[in-house]
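In what follows, a single structure is set out as structure tokens and then discussed.
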Amino acid sequence: MPYSTDEIKRIETKWQGIWHDKKIFKVDVDPKKKKYYVLEMFPYPSGKIHMGHVRNYTIADVIARFKMMQGYHVLHPIGYDAFGQPAENAAIKHKVDPAEWTYRCIDQMREELKKMGFSYDWDRELSTCDAQYYRWNQWIFLKMFEKGLAYKKASSVNWCPSCETTLANEEVIQGECWRCKSTVVQKDLEQWYLKITQYAEDLFEDLQQLNHWPPRVITMQENWIGKSQGVEIYFKIQKTGETLTVFTTRPDTIFGATYVVLAPEHPLVKKLVVGTSHEKNVLSFVDKVAKESKSDRLSGDLKKEGIFAGQYAINPVNQETIPIWIADYVLMEYGTGAIMAVPTHDQRDFLFAKEHQLPMRIVIQDAVNPQQRPSDLKEAYEGDGLQINSGIFNGISNQEGLKRIAAWMEGNKMGKIIVHWRLRDWLISRQRYWGTPIPMIYCQSCGIVPVSEQQLPVELPKNIKISGQGGSPLAQSAEFIETTCPRCQKPARRETDTMATFFDSSWYFLRFGSANNNEKVFDPKEAAYWMPVDQYIGGIEHAILHLLYSRFFTKFFKDLGLIGFSEPFYRLLTQGMVLKDGEVMSKSRGNTVDPDLVIEKYGADTLRLFILFAAPPEDQLEWNDNAIEGSWKFLSRVWNLIENKYKKEDHFVSKGMTNAAADQEDKSIERERNLAIKKVTEDISNGFKFNTAISAMMVLVNKIERYQVEGHFKQKTVNDAIKTLVLLLAPFTPHVCEELWRIMGGAEESVARVAWPSVDEKAMIQDVVSIVVQVNGKLRGKFDVAPDVDEEHLKKLITADPRIQAHLEGKAVKKLIVVPNKLVNIVV
RNA sequence: GCCGAGAUGGCGGAACUGGUAUACGCGCUGGUCUCAAAAACCAGUGGUCGCAAGGCCGUGAGGGUUCGAUUCCCUCUCUCGGCACCA
């Protein structure tokens, strides 16, 4: 049978059926076996898979199948991150029920995944929109509430005017909604938060353990959590005696503070100016800043505007009276919303002070370019030096001053040493329908009361009109809202907001271990066996959001005593994007390639092979309609190898060769076979270099074909080489390999259960090695010699060669460098 | 501005701890087969000079270390990604 589209379809359908029916990839806890948990970031069920999914899941599948063949007990599950806005948008557009729409999409998605031949344990499939899943979201929320980690507060929040809902800080990218790119505005609302900041220290410190994560993801998380060590300093307002707290990371410069600045939103601003001659101007300035959007304020020319508040503060270290200003370059969200300004040693303060002719004082002496007068400074000096004008601290280095001044201030109650985190608490309530109802009840007499665990799940009501016109859709349903208070049994109302969908995905990896358990969120014993995830694979776009939240939840579960580890993902691979014509594939650009059409034309195996071969997994991958033909051709050549060259009977084939020459050929194939095993195994194990692993298999095929042409070999040796090839290739292109394995008489019910081939080091030893000869570092010749030949002999051999002699003519040999079995360099 | 990653043929990409640069594939050129085409197979394919043998140049640019540098060090250019009035 020739390798054809029809044949491929038959084979792929056949084996997908067998894997499914015989549950080849089903696993359960087995303490006797060594486990391996491979997980890909589960998809949002849009109904169609795209090339990004194909790449992500193919990478995961090769790893899963490779580990299975290596004898690991592999957990490789799949599910659907099924709550979220697209279902609501579809509901508005097509007038369908979001649940119906979502489940239909899931059905389509499942079919597409099956067509790719992924090795999932389908018995563990889950969807976050199932009540059997989201009831555990609610359970976790109640636990967090119980521990004081879930709380409600009124605050200025991020609001997306187009999605009509609140957003977490992590969902605002450069001032825009991560989903729809609308400009995010600030609104004052009362919302539910998770106290992720309580874990800031752990989330930051434990990054050190994640040695198998891409460094850039670590860096991104470090930046996001944003640790800064500093001091809170207490200034007194001269007139009222009230305390004004500022935050600084440079306590060594405190003696150079010549004014303080408040953010326009700072609560003290109004108090300072009320009833004074400054009131009108200050309030109108505050008003003006408030009208600028956050993104306007952060971008643009960074012009610093400000106004004098008409009041003075007292510097606690020297009792100096300095003016209080209000300026837009100080942000209410960071630190205390107030700073001490040291224009000589902070460039922003410097520019502001110049603009408004505020005083300056140098307190750190630049050793290279020492300045005495602030007026000589062209810019702030932010480097190290000796303390001057700093009272009892004069003469010490500022690095020393940093510690001693901080400790001294703390000792004298002028301030407090603290760590400030950039990370904010996670706003999780959303004014949307298609999500997990927050299990809270508002009672007139008891206040905010949690739903009791026994009453979970709080089911999402059906038949809700979704207009997209704002307000929580659940508020429409009287039947949903009206309930009784679990505490006093009086009539009460339910919370109508739903949870951010990132809540759902923050713990699904634990649920996969106990996917069908209806008694518990997950079974601690199963979690102890399967977790942590050995290899997680997904897109870089989740470097902060999902990965940070998942780490937070894991730490929370550990504190609950449900698990014994604090990091969920041992190893992380972030795959590169799939590009077409140099741009990211996207519907809006109209440059997508539908995986379904590619499967239709070439089959899943060819698609898998191409996507693994075209680039290393972490790099961007340029889709190429021509190049995929190469993958098809390769599989066709492998196929023909078995059709044409694999023979059941082992017999000696030699066409006019001496036995010695035939043995030589025979040895050579065996060597190539072992080289391929070694290369493929190492490439998968060390960094998932699938592209070079595939090229090694191509090399083996080239070699086998060449030996065939010459016709000198023992059949058994060639058969072995072909069998090995099929096993090595099986994780990459499983359908065709299952079929070939069966044709060759493989006994196991699936090639996935056959042991991965091992390397015979002895078979790789060569009788001759090629020695490269250089003269002055330039390649001048090659010699085949016996391994470990002695230097004198080698020298004689080389210098006797006329080609080498030509390059040595009339020159004295200065030096001879010999790298054993590799190279000789003659220096003249 | 700060941090991180990178730059290799016409293209995607290889190159172990410094040791034959361009593996493997795509494309291209020529050939075999065919009435023809497709497919398949074979050969060639960094630039340049040369009839040839062979020489010279060549991994973003410039310098350095070394017998020898894509690999190590310094300076610079460009590309991509992240963060960014963070006190």
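Predicted model only: the values in this text are computed from it and were never measured.
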Problem set entry | Residue mapping more 5' on RNA chain B - nearest nucleotide basis, A/Thr219 or A/Arg422 | A/Thr219

Exercise. The side chain of A/Lys778 lies closest to which of these nucleotides: B/G25, B/C56, B/A87?
Worked result: B/C56

For this session: Classify every nucleotide of nucleotides 64-71 of chain B by which part a protein heavy atom approaches to under 4.0 Å, writing B for the base, S for the sugar-phosphate alone and - for neither, in 5'-to-3' order.
Result: ---BS---

For this session: Respond yes when some side-chain nitrogen or oxygen of A/Arg216 is under 4.0 Å from OP1 or OP2 of B/G6, and no when none is.
Result: no

For this session: Step through the shown structure and confirm whether more than 12 heavy atoms of other residues, nucleotides or ligands are within 6.0 Å of CE on A/Met577.
Result: no

Exercise. Ring centroid separation for A/His356 and A/Tyr259, is it under 6.0 angstrom?
Worked result: no

For this session: Searching all strands shown, indicate the nucleotide that pairs with B/C56 (Watson-Crick or G-U wobble; both distances under 3.5 Å).
Result: B/G47

For this session: Pick base, sugar-phosphate or nothing for A/Val819, based on heavy-atom distances below 4.0 Å to the nucleic acid.
Result: base

Exercise. Using 4.0 Å as the upper bound for N to carboxylate O, is an ion pair formed by A/Glu382 and A/Arg250?
Worked result: no

Exercise. So what's B/C11 paired with, Watson-Crick or G-U wobble, going by both distances under 3.5 Å?
Worked result: B/G25

For this session: Taking only the side-chain heavy atoms of A/Met698 (C-beta and beyond), determine which of B/C24, B/C85, B/U20 contains the nearest atom.
Result: B/C24

For this session: Give one of base, sugar-phosphate or nothing for A/Arg637, where a contact means two heavy atoms less than 4.0 Å apart.
Result: sugar-phosphate

Exercise. Which part of the nucleic acid does A/Gly630 contact within heavy-atom distance under 4.0 Å: base, sugar-phosphate only, or nothing?
Worked result: sugar-phosphate

For this session: Assign A/Lys814 to base, sugar-phosphate, or nothing according to its heavy-atom contacts below 4.0 angstrom with the strands shown.
Result: nothing

For this session: Ignoring the backbone of A/Leu779, work out which of B/G25, B/U20, B/C86 is nearest its side chain.
Result: B/U20

For this session: Taking only Lys NZ, Arg NE, NH1 and NH2, and the carboxylate oxygens of Asp or Glu, determine whether A/Lys288 and A/Glu305 approach each other closer than 4.0 Å.
Result: yes

Problem set entry | Mate of B/U32 where both pairing distances stay under 3.5 Å, Watson-Crick or G-U | B/A40

Exercise. Between A/Asn702 and B/G25, is there a side-chain N or O to OP1/OP2 distance below 4.0 Å?
Worked result: yes

For this session: Output yes when A/Lys703 and A/Glu672 qualify as a salt bridge under the 4.0 Å nitrogen-oxygen rule, no when they do not.
Result: yes

Problem set entry | For B/G12, glycosidic torsion class - syn if within 90° of 0, otherwise anti | anti

For this session: Look at all strands and tell whether A/Asp349 reaches a base, only sugar-phosphate, or nothing, counting heavy atoms closer than 4.0 Å.
Result: nothing

Exercise. Would the A/Phe204 and A/Trp421 ring centres measure less than 6.0 Å apart?
Worked result: yes

Problem set entry | Ion pair A/Glu705/A/Arg637, N-O distance below 4.0 Å | yes

Problem set entry | Strand partner of B/C72, provided both Watson-Crick or wobble distances fall under 3.5 Å | B/G64

Exercise. Are the charged groups of A/Arg361 and A/Glu320 less than 4.0 angstrom apart, N to O?
Worked result: yes

For this session: Provide the Watson-Crick or G-U wobble partner of B/U17, both distances under 3.5 Å; none if there is no partner.
Result: none

Exercise. From the list B/G55, B/C26, B/C86, which nucleotide is the closest neighbour of the side chain of A/Tyr334?
Worked result: B/C86

Problem set entry | Distance flag, aromatic centroids of A/Phe690 and A/Phe613, threshold under 6.0 Å | no

Problem set entry | Base partner of B/G81, which must satisfy Watson-Crick or wobble distances under 3.5 Å | B/C3

Problem set entry | Distance in Å, A/Leu210 CG paired with A/Gln221 CD, rounded so as to fall on 0.5 Å steps | 8.0 Å

Close N or O pairs between protein and nucleotides 11-14 of chain B (under 3.5 Å):
{"from": "B/G12", "atom 1": "O2'", "to": "A/Ala614", "atom 2": "O", "distance (Å)": "2.6"}
{"from": "B/G13", "atom 1": "O3'", "to": "A/Asn691", "atom 2": "ND2", "distance (Å)": "3.3"}
{"from": "B/A14", "atom 1": "OP1", "to": "A/Asn691", "atom 2": "ND2", "distance (Å)": "3.1"}

